[in-house]
Each structure stands twice: as structure tokens, then as C-alpha cells.
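Treat the numbers as computed from the prediction; the structure is a model and nothing was measured. Numbers restart at 1 for each chain; the letters A, B, ... are given by sequence-line order, proteins then strands.
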Protein chains: 2
Amino acid sequence: MARPLTARQQTVYDFIVKTMTELGYPPTRAEIARALGFRSPNAAEEHLRALDRKGVIRMIPGTSRGIRLPGGSPEGEPAAVDSGLPIVGSVAAGSPILAAEHIDRYCPLPADYFSPRADYLLRVRGLSMKDVGILDGDLLAVHRTQQVRDGQIVVARLEDDVTVKRFQRDGNHVTLLAENPDFAPIEIDLAHQHLEIEGLGVGVIRGDNGSGLG
Amino acid sequence: MARPLTARQQTVYDFIVKTMTELGYPPTRAEIARALGFRSPNAAEEHLRALDRKGVIRMIPGTSRGIRLPGGSPEGEPAAVDSGLPIVGSVAAGSPILAAEHIDRYCPLPADYFSPRADYLLRVRGLSMKDVGILDGDLLAVHRTQQVRDGQIVVARLEDDVTVKRFQRDGNHVTLLAENPDFAPIEIDLAHQHLEIEGLGVGVIRGDNGSGLG
DNA sequence: ACAATGACTGGATACAATCCCAGGCTGTAT
DNA sequence: ATACAGCCTGGGATTGTATCCAGTCATTGT
């Protein structure tokens with residue numbers, strides 16, 4: 001079961017990703033410890049084991065810098081690609097997004113047109129993200145993952161409610177920012193509230209309405 | 001300058017690239033030696049020095065697996081699809097939009113996904129239409145037609161310049177409205193200026209950039 | 001003939017890095 | 001109360017790795 005990462009584990013994971021993209025190779029335990037302020041490399045070791053257990057990284061025993069980021073998201077089964085990307089309309093409270101009854105129709109676009117790969121298209125309701133060009137009725141291409149970084153557009157589920165917002169985390173505190181001055185940010189304390197990240201916004205499609213934009 | 005690599009050095013370099021793309025981290029001297037049949041890691045060390053001298057890799061002293069490939073990580077480019085909608089980048093003055101030299105690549109989406117049918121995708125530059133959710137770099141799906149109505153988003157050519165604007169006509173007078181308070185409307189007197197309507201905006205696609213929206 | 005370079009073998013050393021053990025502290029679940 | 005997981009300090013054994021030194025052999029340019 002993919003229990004979500006703890007805040008600290010997420011920090012470690014983020015540092016690994018950052019190191020690998022910036023330097024081209026993964027960090028050592030000592031480097032992780034130094035970067036996050038641990039006085040012992042063992043703290044990093046234990047975090048790595050946890051991340052490995054949860055499947056977001058792979059440790060290669062006995063190998064220096066032996067950390068791998070397995071391709072694809074942790075346990076997201078690849079969406080049925082045959083007929084294209086499923087288009088999800090409104091999501092009922094408490095049920096998984098990709099439940100069959102939510103699937104409206106399919107968009108004949110290959111999943112890997114977007115990068116990272118899109119797993120489904122979510123029809124966006126409301127104008128809370130209009131300043132980043134996501135309008136009412138648009139289709140948001142979503143990559144299923146729990147690994148999201150600050151500033152990214154995410155699909156989140158908060159108390160059975162699915163929303164699209166910009167993600168920002170500070171330790172145990174998460175802020176979901178709208179991109180529209182008419183909407184207030186949503187503040188979440190992870191210690192007291194449950195927040196589930198459903199995926200990462202990777203694209204937008206608009207225009208199946210029928211008579212041109214306007 | 002950059003003397004070309006010897007055959008053996010090329011082999012070593014290829015192995016480094018292969019290792020990094022397959023494993024996610026660079027090889028050690030010993031691993032290179034093992035892979036290429038050297039009986040001493042020093043042979044690998046000397047090759048690495050040569051590759052560093054010639055600038056194709058960068059060695060980080062004292063660091064295990066401290067090998068970097070300068071000039072960005074090798075990214076797999078998306079396979080060129082020769083079917084689907086042509087994507088048009090910048091359009092040279094005075095030439096038809098669908099001239100072959102403007103076609104960047106193709107988007108594997110059927111033309112009739114949009115309605116009315118899209119004939120090509122135009123990459124939009126600038127933020128003049130940001131208030132209707134068309135941002136810089138977005139792909140505008142365009143239906144080729146001259147029959148446009150007031151209020152529609154159109155692709156127009158004015159004095160060899162191709163722009164995307166909202167269309168408004170009053171007798172012989174046309175106004176092309178931006179959807180961004182920072183941009184002034186363009187006023188055109190059809191009796192004195194030539195305006196060509198290239199098509200009607202029927203959709204928007206965003207998100208072929210590579211790492212999520214944000 | 002000579003030096004310079006590329007391509008190695010073989011051996012050695014010191015540090016880099018993984019990984020195990022023994023704790024402590026704070027929560028949350030049972 | 002007790003147990004357990006997450007998160008951390010501190011130390012230490014063992015192995016992984018970078019890096020140096022001393023040679024050999026062939027090729028190439030001078």
C-alpha cells in the first residue's frame with residue numbers, strides 16, 4: 001500500500017530529485033545529511049529505506065550513490081490507452097477519480113503526448129485558475145502521482161472534495177493557491193487534516209464545445 | 001580545441017551515457033574497466049581524463065561517480081508523428097501559414113476532435129489573449145475559414161503580420177480586440193487597409209513542455 | 001632515432017560511502 | 001500502560017572508489 005510520504009520523507013525525496021537533475025547523479029547519505037542538517041548520515045539512511053519501502057525510490061545495495069527513481073508513478077496502473085485518454089467529469093464524494101461511472105468519454109490523444117504522461121483528463125469547473133489559463137469547462141490533463149513540488153498545478157482531494165490548485169508546502173503546512181484574486185488560498189495543517197494528492201496537471205485542452213472559441 | 005575522440009574513447013563515452021540513462025547514475029572506474037574488459041581501473045581513469053580534457057565530460061574530483069555530461073541531460077525527443085494536425089510555429093511575412101517550412105511537427109489528434117474541424121495548430125506568441133486563457137506557447141487549433149462572426153477568436157493577417165484576436169465588425173470598420181488590458185485594440189478601415197482572415201480559433205492545447213504546468 | 005601519445009597491466013593507498021549497532025525522543029495507536 | 005513508527009545522534013566495521021606510481025607495448029610524427 002502506498003501510504004503517502006511524510007513531510008520529512010518528501011523533503012528527502014525532493015532533494016534527491018533536485019540533485020539528480022542538477023548534478024546528474026544521486027546524492028550520498030552524507031550529502032543528504034549535510035543538506036538537510038542531520039548530524040548523522042544514518043538519519044538519511046533511514047529515510048532512504050522508508051522511501052524504498054514506499055516504492056518511490058530504489059536502493060541498490062553496496063553501491064555508492066545507488067539510488068534510482070523508478071520510471072512511471074508508484075502504483076498507478078497505466079490507463080487504458082486503446083481508446084485514448086478517459087475524460088472525467090464531476091467526481092462523486094469519496095469515490096476514486098477513475099471509477100467507471102465518472103468517465104464521460106475518451107479523447108483520442110496518446111497518453112505520452114504530454115510529459116510526464118497524462119493518465120486522464122479532468123473537466124475543470126469554475127474559474128479559480130483562470131489566471132494560468134485554465135477556464136471553466138477546460139480539460140486538465142493529469143498525471144497520476146503523489147510526488148508534486150512547490151508551485152506545480154495539482155489535483156488534490158480535501159475532505160472528499162476534488163480541486164485543482166497550485167501547490168505549496170512548508171513542512172507540515174500546505175497551501176493550495178487559486179490563480180484568481182477572487183478566490184482565497186486554502187490552508188491545510190497536515191497534522192489535523194487529510195490531504196490526498198491525486199495527480200499533477202501536465203496539460204490543458206479546450207474547445208470541444210462546438211462553434212469556435214468566444 | 002576539441003580534437004575528435006579516438007575510437008576507444010568513444011566506446012568509453014558511450015558506456016557512460018548508456019549507464020546514466022539506464023541506471024540513473026554514472027559508472028565508477030571499476031565498472032567501466034569491467035564492462036570494457038580492462039584489467040585495471042587505471043585504464044578507465046586515463047580515458048576519463050582524456051574525455052575531460054576534450055570537454056565531453058566533466059570530472060568532479062574526490063567524488064564517487066563524479067562524472068557529468070555538460071550541456072544538459074540527453075532527453076528522448078518525441079517520435080515525429082507524420083499524421084495528425086500540423087503544428088505551425090512562427091510564420092514568415094508574406095508566406096502562407098501552411099507552407100512546409102513553418103510546420104514544426106505534428107500533433108496526433110484527429111482534425112474532427114474539434115468542431116468545427118481544426119486544420120492546423122498555431123503556436124501562440126505573447127500574452128495578448130491571456131484573459132481568455134490563451135497563454136504564450138499555447139497551441140491554438142484553427143479552422144480555416146473566412147466566415148467569422150463578431151466576438152469570435154480569429155487568426156488574422158494584417159500587413160503580413162499574423163495575429164490572434166477577438167473579431168468585431170461594424171460595416172467597413174473592423175476592431176481586433178486583445179484580451180489583456182495591457183494591449184490596445186487594433187482598428188482597421190477596410191477601405192484603406194487589407195485584412196485577411198486566416199481562420200477561426202476552435203480550441204487550445206497546452207502542455208507539451210515537459211515537467212508539469214506551473 | 002627520438003620523443004610524445006594512446007592504451008593498457010599491476011599494485012598500493014587513503015578517503016568515500018554503505019551499512020550495522022546502540023541508544024534517545026516524540027508522537028499515535030492499542 | 002505498552003507497543004510501535006518516525007526521526008534523530010553517535011560510533012564503527014567493512015567495502016567501494018578515486019587516484020597515484022611504476023612499468024610495457026605499439027603507433028605516430030619529427
Side-chain angles (χ1 to χ4, degrees), chain A residues 1-16 19-20 23-68 146 169 171-173 189-195, chain B residues 1-16 19-20 23-68:
Chain A
M1 271 304 173
R3 275 191 306 280
L5 303 187
T6 67
R8 210 70 179 120
Q9 287 165 0
Q10 183 72 50
T11 309
V12 174
Y13 178 81
D14 289 346
F15 177 71
I16 295 170
T19 302
M20 290 184 71
L23 277 349
Y25 46 78
T28 64
R29 276 70 163 161
E31 285 165 359
I32 295 172
R34 211 175 311 133
L36 303 199
F38 306 157
R39 304 237 231 157
S40 166
N42 189 48
E45 172 83 17
E46 285 173 6
H47 279 303
L48 291 181
R49 287 178 195 276
L51 291 172
D52 186 286
R53 248 183 288 120
K54 296 185 179 180
V56 298
I57 68 167
R58 208 55 160 296
M59 292 174 71
I60 290 87
T63 305
S64 73
R65 303 179 191 274
I67 299 174
R68 279 209 242 177
Q146 263 120 49
R169 191 194 59 248
N172 233 16
H173 190 83
D189 187 350
L190 293 181
H192 300 87
Q193 281 173 289
H194 184 59
L195 177 72
Chain B
M1 279 313 262
R3 277 189 307 281
L5 303 187
T6 67
R8 210 69 179 121
Q9 286 166 359
Q10 184 68 51
T11 309
V12 174
Y13 178 78
D14 289 345
F15 176 71
I16 294 170
T19 302
M20 290 182 72
L23 277 350
Y25 45 79
T28 65
R29 277 68 164 159
E31 285 165 359
I32 295 172
R34 211 175 311 133
L36 304 199
F38 307 154
R39 309 184 67 159
S40 166
N42 188 48
E45 172 81 16
E46 284 174 6
H47 280 302
L48 290 180
R49 286 178 195 278
L51 291 172
D52 186 285
R53 247 182 288 119
K54 295 185 179 182
V56 298
I57 70 167
R58 226 353 90 64
M59 292 172 71
I60 289 87
T63 304
S64 72
R65 303 178 191 272
I67 300 174
R68 293 172 73 171

Asks: For residues 24-35 of chain B, run the donor-acceptor check on the side chains, cut-off 3.5 Å, and write out each pair with its distance to 0.1 Å, sequence neighbours left out.
Replies:
unit_1 : atom_1 : unit_2 : atom_2 : d
T28(B) : OG1    : A30(B) : N      : 3.4
T28(B) : OG1    : E31(B) : N      : 3.1
R29(B) : NE     : E45(B) : OE1    : 2.8
R29(B) : NH2    : E45(B) : OE1    : 3.4
E31(B) : OE1    : T28(B) : N      : 3.0
E31(B) : OE1    : R65(B) : NH1    : 3.0
E31(B) : OE2    : R65(B) : NH1    : 3.4
E31(B) : OE2    : R65(B) : NH2    : 3.1

Asks: Please name all residues satisfying side-chain contact (heavy atoms from CB on, under 4.5 Å) with A50(A), sequence neighbours left out, ordered by chain then number.
Replies: Q9(A), R53(A)
Asks: Taking ring pair (Phe, Tyr, Trp, His ring centres under 6.0 Å) as the test, write out the residues that go with F15(A), two or more places apart.
Replies: none
Asks: When you look at D52(B) and R58(B), which way does the side-chain contact (heavy atoms from CB on, under 4.5 Å) test go after all the steps?
Replies: CA-CA 5 Å; D52(B) 186 285; R58(B) 226 353 90 64; 4.1 Å; yes
Asks: So L51(A) and I16(A), do their side chains get closer than 4.5 Å, heavy atoms only?
Replies: yes
Asks: When you measure from the side-chain N and O atoms of H47(A) to the phosphate of dG6(D), is any distance below 4.0 Å, counting only OP1 and OP2?
Replies: no
Asks: Could you tell me the separation between the CG atom of L36(A) and the C1' atom of dC7(D), rounded to a whole number of Å?
Replies: 12 Å
Asks: Let me know the distance between CG of L51(A) and C1' of dC7(D), rounded to the nearest Å.
Replies: 13 Å
Asks: Can you name the nearest heavy-atom pair linking F38(B) to A44(B), along with the distance?
Replies: CD1-N, 3.8 Å
Asks: What distance do N42(A) atom CG and L48(A) atom CG have between them, rounded to the nearest 0.5 Å?
Replies: 10.5 Å
Asks: OP1, OP2 of dG6(D) versus side-chain N and O of R8(A): anything below 4.0 Å?
Replies: no
Asks: Considering the terminal five base pairs at each end of the helix from dA3(C)-dT28(D) to dT30(C)-dA1(D), what angle separates the two local helix axes, rounded to 10°?
Replies: 30°
Asks: Between the protein and nucleotides 24-29 of chain D, are there any N/O to N/O pairs under 3.5 Å, and if so, what are the atom names and distances?
Replies:
none

Asks: Quickly work out the D52(B) CG to dG6(C) P distance and round it to whole Å.
Replies: 14 Å
Asks: How long is the gap from CD1 on I60(A) to CZ on R68(A), to the nearest 0.5 Å?
Replies: 4.5 Å
Asks: Starting at the 5' end of nucleotides 15-25 of chain C, put B wherever the base has a protein heavy atom under 4.0 Å, S where only the sugar-phosphate does, and a dash everywhere else.
Replies: -SSSSBBB---
